[in-house]
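Accompanying notes for the structure given below.
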Amino acid sequence: MLAEHHVLTTHQITAIAFPSSRAANHRLRRLYQWRVLDRFQPYIGRGRAPMYYVLDTAGAHVLAHEDGLEPRELKFRPERSVGIAYSLRLAHLHGVNSFFTTLLADALARHECAVTAWWSEARCARHFGDIVRPDGYGRWREGDREIEWFLEWDTGSYQLSRFVAKLPGYFELATTTRIITPLLACFTTPQRETHARNLLTEHLKTHTRPHDLPIATTNAQHLQDIGTGTSPELWLPLRNSRAGRRRLIELLAVWPQLAPPEIASDTFPTAIESTSQPRLSPPAPMPPWHVRDLTWSPAW
């Protein structure tokens with residue numbers, strides 16, 4: 001998961017891979033000592049930030065051998081891995097990964113639910129980068145219903161016009177693949193969400209087929225107030241918003257034009273990934289154990 005998604009905090013790793021904080025801390029300490037993982041703790045001014053973990057040399061070598069690759073083929077550089085500690089993208093990655101790890105934690109606690117896809121920004125870029133670059137792609141199953149989406153995560157560091165400028169790419173992707181995939185967008189504040197919704201509404205008025213891109217929004221303050229995941233009513237559809245915010249799976253009722261995902265696995269129909277450079281196999285979106293117990297698999 002760290003090789004694919006770059007950085008995860010102790011809390012995120014505990015939520016998706018360990019039965020308790022004590023077990024996670026004990027194991028993570030060993031993995032750090034063995035140089036399977038590296039770690040850092042950002043300065044946040046007040047309070048104490050959690051520990052952030054990234055892949056280290058031994059971990060990269062293990063993964064390479066599991067995939068039948070020579071470690072040198074990966075061109076892994078540990079200084080680049082831990083260098084994310086000083087990157088302006090750290091907050092962005094933390095937000096995106098928090099969203100998906102919370103979904104995973106929800107799925108592990110509810111037997112009828114599962115995250116059936118979690119793609120990183122880099123993986124999305126390899127598949128769709130010539131058209132659009134989402135911050136992530138996900139798929140959620142609840143009972144016999146399943147929904148997929150692209151994710152855009154706003155950190156407030158750029159003009160909202162940049163976000164709106166990505167919409168033609170999403171429309172082009174829908175036309176190219178003949179698949180209508182919703183777009184979920186999270187903004188930093190309620191005020192920024194409102195401003196973004198106004199801009200998005202005005203943009204869609206100029207499009208001949210606005211239903212080809214269903215959009216729902218939320219904001220980080222709302223997430224903090226009521227929690228993340230699928231159970232809270234987080235998502236406010238751009239169109240048909242009078243009924244208020246909806247749970248993730250309930251968005252299916254708002255967008256009747258959505259077809260069920262064609263493949264119930266971690267794939268995107270018609271997507272083709274370049275194989276010009278050797279890459280590690282992406283991890284399964286769910287751990288090998290789908291209920292929280294003490295049965296562990298060394299493969300994850």
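For the single chain, residues carry numbers from 1 onward in sequence order. Everything numeric here is computed off the predicted structure, so don't read it as measured data.
- Counting heavy-atom neighbours within 6.0 Å of Y158 OH, excluding the residue itself, gives a total above 12.
- Rounding to the nearest 0.5 Å gives a distance of 11.5 Å between CG of D135 and CZ of F99.
- With 3.5 Å as the limit, one finds a donor-acceptor pair spanning the side chains of W140 and E142.
- The neighbour count for E112 CD, taken as heavy atoms of other residues, nucleotides or ligands under 6.0 Å away, is above 12.
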Would L2 and V54 satisfy side chain to side chain contact (heavy atoms under 4.5 Å, CB included), going step by step from the backbone distance to the final call?
CA-CA 6 Å; L2 286 168; V54 297; 5.6 Å; no
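- With hydrogens and angles disregarded, a donor-acceptor distance shorter than 3.5 Å links the side chain of Q12 to the backbone of T9.
- Scanning both residues, L69 and P278, for their nearest heavy atoms gives CD2-CB, 4.1 Å.
- Among residues two or more places apart in sequence or in another chain, the ring-ring contact (aromatic ring centres under 6.0 Å, His included) test is passed with H94 by Y52.
- The existence of a salt bridge linking K166 and E152 is confirmed by a sub-4.0 Å separation between a basic side-chain nitrogen and an acidic carboxylate oxygen.
- The closest donor-acceptor contact from the side chain of Q221 to the backbone of T188 lies at 3.5 Å or more, if one exists at all.
- Separation of atoms CG (L184) and CD1 (I215) is listed at 10.0 Å; rounding is to 0.5 Å.
- Annotation: ring-ring contact (aromatic ring centres under 6.0 Å, His included) contacts of H6 (sequence neighbours excluded): none.
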Mind running side chain to side chain contact (heavy atoms under 4.5 Å, CB included) on L248 and W149 for me, showing each step along the way?
CA-CA 10 Å; L248 180 55; W149 68 90; 3.9 Å; yes
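- Residues meeting the salt bridge (Lys or Arg N to Asp or Glu O under 4.0 Å) test with R145, sequence neighbours left out: none.
- Rounding to the nearest 0.5 angstrom, the gap separating the CZ atom in R35 from the NE2 atom in H61 is 9.0 Å.
- Cluster membership for F40 and W34, using ILVMFWY side-chain heavy atoms within less than 4.5 angstrom, is not shared.
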Step by step, would you call T14 with N25 a side chain to side chain contact (heavy atoms under 4.5 Å, CB included)?
CA-CA 8 Å; T14 302; N25 288 329; 5.5 Å; no
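- For R39, there are no salt bridge (Lys or Arg N to Asp or Glu O under 4.0 Å) partners two or more places apart in sequence or in a different chain.
- Here C124 contributes atom SG and L151 contributes atom CG; the two are 9.0 Å apart, rounded to the nearest 0.5 Å.
- For R192, the salt bridge (Lys or Arg N to Asp or Glu O under 4.0 Å) partners two or more places apart in sequence, or in a different chain, are D154.
- Closest approach of D67 to S281, counting heavy atoms only: OD2-N, 2.5 Å.
- Counting only distance, with no hydrogens or angles, the side chain of E146 and the backbone of P260 share no donor-acceptor pair below 3.5 Å.
- Contact detail for I16 and T101: the closest heavy-atom pair is CG2-O, 3.6 Å.
- Formation of a donor-acceptor pair under 3.5 Å by the E172 side chain with backbone atoms of G169 is not found in this model.
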Let me have the donor-acceptor pairs involving side chains of residues 193-200, under 3.5 Å, with sequence neighbours excluded, atom names and distances please.
residue: E193; atom: OE1; partner: N219; partner atom: ND2; Å: 2.6
residue: E193; atom: OE1; partner: R245; partner atom: NH2; Å: 3.0
residue: E193; atom: OE2; partner: T217; partner atom: OG1; Å: 2.6
residue: E193; atom: OE2; partner: T218; partner atom: N; Å: 3.4
residue: E193; atom: OE2; partner: R245; partner atom: NH1; Å: 3.4
residue: E193; atom: OE2; partner: R245; partner atom: NH2; Å: 3.3
residue: T194; atom: OG1; partner: P190; partner atom: O; Å: 3.0
residue: R197; atom: NH1; partner: T217; partner atom: OG1; Å: 2.9
residue: R197; atom: NH1; partner: L236; partner atom: O; Å: 2.8
residue: R197; atom: NH2; partner: P237; partner atom: O; Å: 2.8
residue: N198; atom: ND2; partner: T194; partner atom: O; Å: 3.3

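- Contact between W235 and A185 at its shortest, heavy atoms only, is CZ3-O, 3.7 Å.
- Within the structure, salt bridge (Lys or Arg N to Asp or Glu O under 4.0 Å) contacts touching residues 201-223 (residues at least two apart or in different chains) are E202-K205, R209-D212.
- Aromatic rings from Y53 and Y32 are positioned such that their centres are separated by 6.0 Å or more.
- When every heavy atom of A15 is checked against every heavy atom of L108, the shortest pair comes out as O-CD1, 3.9 Å.
- The side-chain heavy atoms of L8 and M1, taken from C-beta on, include a pair separated by under 4.5 Å.
- The salt bridge (Lys or Arg N to Asp or Glu O under 4.0 Å) search around K75 returns none, not counting sequence neighbours.
- The salt bridge (Lys or Arg N to Asp or Glu O under 4.0 Å) analysis of residues 11-31, with sequence neighbours excluded, yields no pairs.
- Residues that satisfy the ring-ring contact (aromatic ring centres under 6.0 Å, His included) test with H207, not counting sequence neighbours, are F171.
- In this structure the side chain of L28 reaches within 4.5 angstrom of the side chain of L37, judged on heavy atoms.
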Which side-chain N or O atoms in residues 79-86 pair as donor and acceptor under 3.5 Å with protein atoms at least two apart or in another chain?
residue: E79; atom: OE2; partner: R77; partner atom: NE; Å: 3.0
residue: E79; atom: OE2; partner: R77; partner atom: NH2; Å: 3.3
residue: S81; atom: OG; partner: L55; partner atom: O; Å: 2.8

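- For the pair F150 and P182, the minimum side-chain heavy-atom distance is 4.5 Å or more.
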Can R89 and E121 be said to form a side chain to side chain contact (heavy atoms under 4.5 Å, CB included), step by step?
CA-CA 12 Å; R89 291 183 49 76; E121 180 181 2; 2.4 Å; yes
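- Note that CD of Q224 is 12.0 Å distant from NE2 of H222, once rounded to the nearest 0.5 Å.
- Taking all atoms of both residues into account, the shortest heavy-atom contact from L251 to R246 is CD2-CB, 4.0 Å.
- For residues 179-189, the set of pairs meeting the salt bridge (Lys or Arg N to Asp or Glu O under 4.0 Å) definition, not counting sequence neighbours, is empty.
- Residues H5 and W118 place their aromatic rings such that the two centres sit under 6.0 Å apart.
- Here CG of L93 is found 7.5 Å from OG of S87. Values are rounded to the nearest 0.5 Å.
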I would like to know whether Y137 and F128 meet ring-ring contact (aromatic ring centres under 6.0 Å, His included); could you show each step before the answer?
CA-CA 11 Å; Y137 165 76; F128 317 118; 7.2 Å; no
Given the rule in the ring-ring contact (aromatic ring centres under 6.0 Å, His included) test, do W119 and H127 qualify, once you have shown the distances and angles that lead to the verdict?
CA-CA 10 Å; W119 289 20; H127 283 277; 4.6 Å; yes
